[in-house]
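See below for the structure under consideration.
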Amino acid sequence: MPRGAALLADPLLNKGTAFTERERDALGLRGLLPPRVFTLGEQLQRSLAAVRRKSDNLEKYIYLANLQNRNEVLFYRLVVDHVEEMVPLIYTPTVGQACLEYGAIYRRSRGLFITLRERGRIAEILREWPHEGVRLIVVTDGERILGLGDLGALGMGIPIGKLALYTACSGVHPYYTLPITLDVGTDSKPLLDGEFYIGIKQRRARGAAYDEFIEEFVDAVGTVFPQALLQWEDFGNTNAFRLLQKYRTRLPSFNDDIQGTAAVALAGLMAALPLLGGPLAQQRILFLGAGEAGTGIADLFVAALRSEGMSEADARARCWFFDSKGLVVQSRLGELAEHKLPYAHAHAFIPTLAEAVEVIKPTALIGVSGMPQTFTQEIVSAMARLNRRPAIFALSNPTSKAECTAEQAYTWSEGRAVFASGSPFAPVEFGGQRFLPGQGNNIYIFPGVGMGALTCGAREVSDAMFLAAARTLAGLASGDDLAVGRVYPSLTRIREVSLAIATAVAEEAYASGLATVPRPADLKADIRSRMFEPVYRDYV
Ligand code: NAD
């Protein structure tokens with residue numbers, strides 16, 4: 001137990017003005033703090049007021065980052081108690097702005113930067129990390145940060161933010177978390193030319209140089225932190241699928257952009273079934289965008305239908321993709337990236353989305369293209385003509401990239417669309433009804449999946465676990481949620497949601513033999529007891 005100034009400098013132990021009189025005497029703090037002792041509740045009110053006083057979201061982000069680096073219990077109390085207000089500040093959309101300006105707002109180190117120059121000594125760098133027994137790593141190489149593209153080393157805001165969400169939502173203890181940025185260069189000219197860019201100034205490594213670097217990193221993680229779960233985050237499309245496939249059975253790992261997105265979107269669709277009419281097996285999905293998010297969703301949808309007894313071919317036949325060049329069909333085989341191939345159907349090519357909607361007659365239209373305003377009035381009205389209740393999910397982030405707005409979806413479908421978005425939309429009044437658009441935020445899924453996999457010591461994070469997570473989340477959207485058009489539970493229930501998902505994921509791991517620790521008698525109670533609670537402990 002550190003004492004005095006060292007204790008105040010340790011964010012996991014520091015209580016600031018909440019150290020009691022006894023603690024101040026016993027731990028050498030007398031004189032180092034202002035005399036009045038405050039409660040956690042009083043500190044919370046002061047911090048909340050400080051956040052609200054700032055008019056600019058980036059300033060709020062900076063305040064919260066500093067609070068996190070000073071006093072983690074207080075930081076997490078604030079996030080947990082005001083989750084709807086704080087999540088958009090510590091993560092999307094504010095984190096996007098924070099990453100763009102990461103060099104300028106950089107104050108204090110958090111996490112590890114590992115660059116190409118450290119080839120041959122990555123394990124040594126990992127051993128520099130001050131906490132032993134890391135259990136959860138979020139790693140990015142900064143190539144596709146949110147919808148912002150290649151931000152190189154500035155992407156560090158993402159692993160830091162994601163891990164904060166893990167702790168806040170599912171109670172993974174912050175001591176065991178480690179954010180990592182792999183700096184393999186950047187292809188962004190403005191960054192390379194920038195005076196204050198914080199990363200290495202060279203073009204992105206590709207091919208063997210990149211692969212060998214990642215290989216050494218994964219090996220080093222396995223050696224230094226053998227119990228760690230690795231989450232791949234915001235890798236470019238060309239590496240994301242490959243790395244996931246290559247490493248998912250070598251160490252417990254998953255890619256949230258692919259698998260987390262898949263589970264949250266599928267959960268939305270499953271929750272919407274009572275409105276759409278007909279079981280999942282009767283839904284037909286047309287995706288705009290055939291990248292990590294889109295094919296991830298389709299793959300999990302296929303897994304869901306297969307688990308209900310449908311053949312793989314029949315399940316895939318229910319998913320159609322429209323990418324930047326048009327309908328994904330067999331005549332385009334030569335030019336299609338590998339992850340699109342399973343969905344290239346034997347069908348005539350169709351050049352426009354409007355035509356594709358008319359021909360394919362989807363029950364659900366899912367936008368994951370990053371292309372704003374592509375769900376036009378013509379397209380949304382066609383969906384509403386073809387279906388009593390069409391599912392229209394405009395998942396592209398940030399709000400400015402959404403395929404259509406909530407208001408457009410409701411207006412153009414005469415209030416019949418079952419709408420979900422990637423970024424939050426304000427409530428919409430239409431036809432005397434008030435709609436609360438659901439946000440298909442990955443935050444509903446990954447914290448619970450990670451916590452569940454960690455607590456049972458899962459050797460692997462399987463597709464079946466993501467399916468279990470999706471089913472659990474779908475089951476938590478209540479009739480009241482659906483009545484206002486929301487296919488997800490309120491974010492205020494996130495700890496309960498994450499606990500339920502963690503339990504379902506661990507249950508699946510035990511059932512499939514992937515768990516490595518003995519099963520506790522009451523799985524849910526066991527996981528609940530391990531969840532980090534942001535409260536102060538007495539030190540003396
Ligand atoms: P990606 O780069 O892997 O894929 C984008 C795809 O869109 C590519 O297949 C590309 O060919 C296609 N595309 C580009 N322009 C197009 C056009 N004009 N018409 C049709 N298709 C076009 O990106 P991704 O990871 O799949 O993410 C896509 C979008 O989904 C992003 O905006 C992202 O913010 C969003 N997303 C949302 C969530 C969520 O809501 N939970 C999660 C992940 C990603």
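Remember, it's 1-based here, ligands and their atoms both numbered in the order they're listed. It should be emphasised that the depicted structure is a prediction, and the values quoted were computed from it without experimental measurement. Just the heavy atoms: all of them, side chains too, but no hydrogens, waters or symmetry mates, feed the values below.
- A salt bridge links Arg316 with Asp299: the closest approach of a Lys/Arg side-chain nitrogen to an acidic carboxylate oxygen falls below 4.0 angstrom.
- When hydrogens are left out, the protein atom nearest atom 5 (C) of ligand 1 is Val368 O, 3.9 Å; that is the closest non-hydrogen contact.
- Heavy-atom contacts of Leu288 reach the following atoms of ligand 1: 19 (N), 20 (C) (cutoff under 4.0 Å).
- Among all non-hydrogen protein atoms, the one lying nearest atom 2 (O) of ligand 1 is Asn237 ND2, 3.6 Å.
- Between Tyr444 and Tyr488, the ring planes are parallel. Angles under 30° get that label, and only those over 60° would be called perpendicular.
- Near Gly291, meaning under 4.0 Å from any of its heavy atoms, are these atoms of ligand 1: 1 (P), 3 (O), 4 (O), 6 (C), 8 (C), 9 (O), 26 (O).
- Of all heavy-atom pairs between Pro88 and Thr94, the closest is O-OG1, 2.6 Å.
- Below 30°, between 30° and 60°, or above 60°: for Trp320 and His345 the angle between ring planes is above 60°, a perpendicular geometry.
- Taking each heavy atom of Thr181 and Pro159 in turn, the nearest pair found is OG1-CG, 4.3 Å.
- Remark: minimum distance from atom 25 (O) of ligand 1 to any protein heavy atom is reached at Arg144 NH1, 2.4 Å.
- In terms of polar-atom proximity, Asp257 is not counted as a contact of ligand 1, lacking any N or O under 3.5 Å from an N or O of the ligand.
- Per-residue contacts place Gly422 under 4.0 angstrom from the following atoms of ligand 1 (heavy atoms of the residue considered): 40 (O).
- There is no protein heavy atom less than 4.0 angstrom from atom 10 (C) of ligand 1.
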Under the ring pair (Phe, Tyr, Trp, His ring centres under 6.0 Å) criterion, do Phe419 and Phe393 qualify, and how do the steps go? CA-CA 5 Å; Phe419 179 79; Phe393 290 4; 8.0 Å; no
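- Ring-plane geometry between His339 and Phe241 is classed as parallel, the angle between the planes falling under 30 degrees on a 0 to 90 degree scale with a further cut at 60.
- For atom 14 (C) of ligand 1, the choice among Gly147, Pro372, Gly440, Ser369 with the nearest heavy atom turns out to be Ser369.
- A salt bridge is absent between Lys189 and Asp150; no separation between the charged side-chain nitrogens and carboxylate oxygens falls under 4.0 Å.
- In terms of protein heavy-atom proximity, atom 12 (C) of ligand 1 is closest to Gly289 CA, 3.7 Å.
- Polar contact with ligand 1: present for Asn442 (N/O pair, distance under 3.5 Å).
- The protein non-hydrogen atom at the shortest distance from atom 44 (C) of ligand 1 is Ala293 CB, 3.8 Å.
- When heavy-atom distances to ligand 1 are checked against a 4.0 Å cut-off, Leu395 comes that close through both its backbone and its side chain.
- When the salt bridge (Lys or Arg N to Asp or Glu O under 4.0 Å) test is applied to Lys361, no partner is found at least two apart in sequence or on another chain.
- Remark: minimum distance from atom 22 (C) of ligand 1 to any protein heavy atom is reached at Ser324 N, 3.5 Å.
- At least one cation-pi condition fails for Lys340 and Phe321: the charged atom is not both under 6.0 angstrom from the six-membered ring centre and inside a 45 degree cone around its axis.
- The proximity of Met371 to ligand 1, defined as any non-hydrogen pair under 4.0 Å, is limited to the side chain.
- Under 4.0 angstrom from ligand 1, the non-hydrogen atoms of Thr261 all belong to its side chain.
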Pairs under 3.5 angstrom only: tabulate donor-acceptor contacts from the side chains of residues 464-472 to other protein residues two or more places apart or in another chain.
unit_1: Arg471; atom_1: NH2; unit_2: Ser307; atom_2: OG; d: 2.7
unit_1: Thr472; atom_1: OG1; unit_2: Ala468; atom_2: O; d: 2.7

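- Protein heavy atom closest to atom 34 (O) of ligand 1, with residue, atom name and distance, is Asn397 N, 3.0 Å.
- For atom 31 (C) of ligand 1, the closest heavy atom belonging to the protein is Ser396 OG, 4.0 Å.
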